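All of these numbers come straight from a predicted model, not from anything done at the bench. Indexing begins at 1, ligand by ligand and atom by atom, following the structure's order.
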Amino acid sequence: MGYFSKLVGVCAAVTLLSVAVVGAEEKDPLKPRVAPDQMADAKAMKNPVASTPESIAKGKALYEGKGTCFNCHGKEGKGDGPAGAILNPSPRNFTNCKFHKKRKDGELFWVIKNGSAGTGMVSLIPAAINEEEAWMIINYERSFCKGGEE
Ligand code: HEC
């Protein structure tokens, strides 16, 4: 085998390994996902469930339970759940505070209800959870961003 084909082989192996270990990349998390003609309505939606320690705890139980969110988004919210590892684009990393700053609760709700076209994020209302449960999970997902700015 010539030097060049060896090099190509090594590069391919390294690429495969890094994909297997790190998984795919997220699609730009700061770009909106809501359909443009529904954006104003989505942004105007108010979370009817106050963010309290109780609703966050309920959201956590749903996130790790019947909502099945953790399978893809990971228990720590980093987007590294066991099922998420094989998805491209990769699931949202909820520890990213910039993402939270960019999104209104209603935009998150819209994606949980309608899915994100062309990704593994499918509609989960009413398939897995009801609307009130989704709002509690949103309160929990917000809590993955620790410490505000970055
Ligand atoms: C089968 C895997 C899978 C499951 C299960 C899953 N998600 Fe996702 N989720 C994804 C992927 C992949 C993305 C990234 C989509 C994209 O980049 O557009 C995503 C993105 C999101 C986003 C970001 C939307 C945005 O505005 O960018 C939210 C919020 C979300 N998921 C909430 C949930 C909730 C809540 C649950 C559980 C009820 C859940 N997901 C379950 C795969 C999953």
Note the single closest protein heavy atom to [atom], along with its residue, its atom name and the distance in Å.
atom: atom 32 (C) of ligand 1; value: Glu141 OE2, 3.4 Å
atom: atom 15 (C) of ligand 1; value: Thr119 OG1, 3.5 Å
atom: atom 26 (O) of ligand 1; value: Arg103 NE, 2.6 Å

When you look for heavy atoms under 4.0 Å from ligand 1, do you find them on the side chain of [X], its backbone, both, or neither?
X: Ile129; answer: side chain
X: Phe70; answer: neither
X: Phe99; answer: side chain

For this session: Pick out which of Arg103, Lys98, Arg92 makes a side-chain contact (heavy atoms from CB on, under 4.5 Å) with Pro29.
Result: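 Of the listed residues Arg103, Lys98, Arg92, the side-chain contact (heavy atoms from CB on, under 4.5 Å) partner of Pro29 is Arg92.
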For this session: Could you point out which residue of Val34, Val111, Val122 forms a side-chain contact (heavy atoms from CB on, under 4.5 Å) with Ser116?
Result: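 It is Val111, the one option of Val34, Val111, Val122 that forms the side-chain contact (heavy atoms from CB on, under 4.5 Å) with Ser116.
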For this session: Kindly identify the option in Ser90, Gly118, Pro89, Ala128 whose heavy atom sits closest to atom 14 (C) of ligand 1.
Result: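 Answer by nearest heavy atom: Ser90.
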For this session: Say whether Arg33, considering both its backbone and side-chain N or O atoms, lies within less than 3.5 Å of an N or O atom on ligand 1.
Result: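 There is such a contact, yes.
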Exercise. Does Thr68, backbone or side chain, put an N or O under 3.5 Å from an N or O of ligand 1?
Worked result: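 Such a contact does not occur with ligand 1.
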Side chain to side chain, [X] and [Y], heavy atoms closer than 4.5 Å:
X: Glu131; Y: Phe109; answer: yes
X: Lys75; Y: Lys60; answer: no
X: Lys58; Y: Glu133; answer: no
X: Met39; Y: Glu107; answer: yes
X: Glu25; Y: Lys27; answer: no
X: Phe99; Y: Glu141; answer: no
X: Pro89; Y: Glu26; answer: no

Exercise. What about the rings of Tyr63 and Phe70, do their centers lie closer together than 6.0 Å?
Worked result: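 Not under 6.0 Å, so no.
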Problem set entry | Asn47: side chain to side chain contact (heavy atoms under 4.5 Å, CB included) partners, not counting sequence neighbours |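 Partners of Asn47 under the side chain to side chain contact (heavy atoms under 4.5 Å, CB included) test: Val49, Asp105, Trp135, Ile138, Asn139.
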For this session: Go through ligand 1 atom by atom and flag the ones less than 4.0 Å from a non-hydrogen atom of Ile137.
Result: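 Numbered from 1, ligand 1 contributes 35 (C).
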Problem set entry | Any Phe94 heavy atom less than 4.0 Å from ligand 1 |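 A heavy atom of Phe94 does come that close to ligand 1.
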Exercise. Does Gly84 come within less than 4.0 Å of ligand 1, judged by its heavy atoms?
Worked result: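 Per 4.0 Å heavy-atom rule, Gly84 does not contact ligand 1.
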Problem set entry | Every N, O or S from the protein that is nearer than 2.8 Å to atom 8 (Fe) of ligand 1 |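 Listed by chain and number, the atoms are His73 NE2, Met121 SD.
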Exercise. Does the side chain to side chain contact (heavy atoms under 4.5 Å, CB included) test come out yes or no for Cys69 and Ile137, once each step is laid out?
Worked result: CA-CA 9 Å; Cys69 321; Ile137 297 177; 4.1 Å; yes
